[in-house]
Amino acid sequence: QVQLVESGGGLVQTGGSLRLSCGVSGSIFSISAMGWYRQAPGKRRESVAGITSGGLTNYIDSVKGRFTISRDNAKNTVYLQMNSLKPEDTAVYYCYLQRDAIYYWGKGTLVTVSS
């Protein structure tokens with residue numbers, strides 16, 4: 001059974017930083033792609049960042065240069081370091097694990113950026 005638990009969300013002012021963490025139970029973490037999606041109120045869920053099992057990363061344009069995704073295979077954890085936060089980054093952030101075309105999801109953590 002694969003379970004994902006996010007943490008690190010909260011309220012921050014514009015320009016501030018947060019680090020999201022996603023801990024994964026199960027034995028397939030190191031061979032799986034990981035990433036983060038977000039969903040803002042009234043908007044569709046969008047992919048924010050991803051990282052392959054080999055460490056290759058990708059980002060949506062709006063967060064490039066501000067967000068950094070990383071993973072620690074020894075801890076079965078993926079991180080999203082978010083700097084220079086903007087009000088438009090406000091959303092529920094969901095961690096996912098992808099293996100063999102199957103996606104596993106966390107329940108999400110709320111990030112609120114005040115102006």
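What you are looking at is a predicted structure, and each value in this text was computed from that prediction instead of being measured.
- A pairwise comparison of heavy atoms in S32 and R71 identifies O-NH1, 2.8 Å as the closest pair.
- In this pair, W105 and Y96 present their aromatic rings tilted. The plane angle is within the 30 to 60° band.
- At a threshold of 4.5 Å between side-chain heavy atoms, the hydrophobic network of Ile, Leu, Val, Met, Phe, Trp and Tyr places V5 and Y104 in two separate groups.
- Under 4.0 Å is where a charged nitrogen must lie from a carboxylate oxygen, and between R38 and E46 at least one such pair does.
- Atom OG in S47 sits 6.0 Å away from atom CG in N58 (nearest 0.5 Å).
- Here Q13 contributes atom CD and S114 contributes atom OG; the two are 5.0 Å apart, rounded to the nearest 0.5 Å.
- Interatomic distance, CG of L18 versus CD of Q81, reported as 8.5 Å (0.5 Å rounding).
- S84 approaches S17 most closely through the heavy-atom pair N-OG, 4.3 Å.
- Although no hydrogens or angles enter the test, the distance criterion places a donor-acceptor pair under 3.5 Å between the side chain of S25 and the main chain of Q3.
- The pair K86-D89 fails the salt-bridge criterion, with no side-chain N (NZ, NE, NH1 or NH2) lying under 4.0 Å from an Asp/Glu carboxylate O.
- Taking every heavy atom of both residues into account, L110 and A91 meet most closely at CD1-O, 3.6 Å.
- Placement of I69 and Y37 in two distinct hydrophobic clusters is found when ILVMFWY residues are connected by side-chain heavy-atom separations under 4.5 Å, directly or transitively.
- Considering OG1 of T52 and CD of Q98, their distance stands at 10.5 Å, rounded to 0.5 Å.
- Although no hydrogens or angles enter the test, the distance criterion places no donor-acceptor pair under 3.5 Å between the side chain of T57 and the main chain of G50.
- T14 contributes atom OG1, which lies 8.5 Å from atom CG of L85 (distance to the nearest 0.5 angstrom).
- Closest approach of T90 to A40, counting heavy atoms only: O-CB, 3.5 Å.
- Hydrophobic clustering of Ile, Leu, Val, Met, Phe, Trp and Tyr side chains at less than 4.5 Å, counting indirect connections, unites Y59 with V111.
- F67 and V78 fall within a single hydrophobic cluster, where Ile, Leu, Val, Met, Phe, Trp and Tyr side chains are chained together by heavy-atom contacts under 4.5 Å.
- Y93 and V113 fall within a single hydrophobic cluster, where Ile, Leu, Val, Met, Phe, Trp and Tyr are joined by side-chain heavy atoms under 4.5 Å apart, directly or via other members.
- For T109 against G9, the heavy-atom pair with the smallest separation is OG1-N, 3.2 Å.
- Here the side chain of D72 pairs no donor or acceptor atom with the backbone of T77 at under 3.5 angstrom.
- Contact detail for W36 and S21: the closest heavy-atom pair is CH2-O, 3.6 Å.
- Using a 4.5 Å cut-off on side-chain heavy atoms (C-beta onward), I31 and R99 make contact.
- Using a 4.5 Å cut-off on side-chain heavy atoms (C-beta onward), C95 and M34 make contact.
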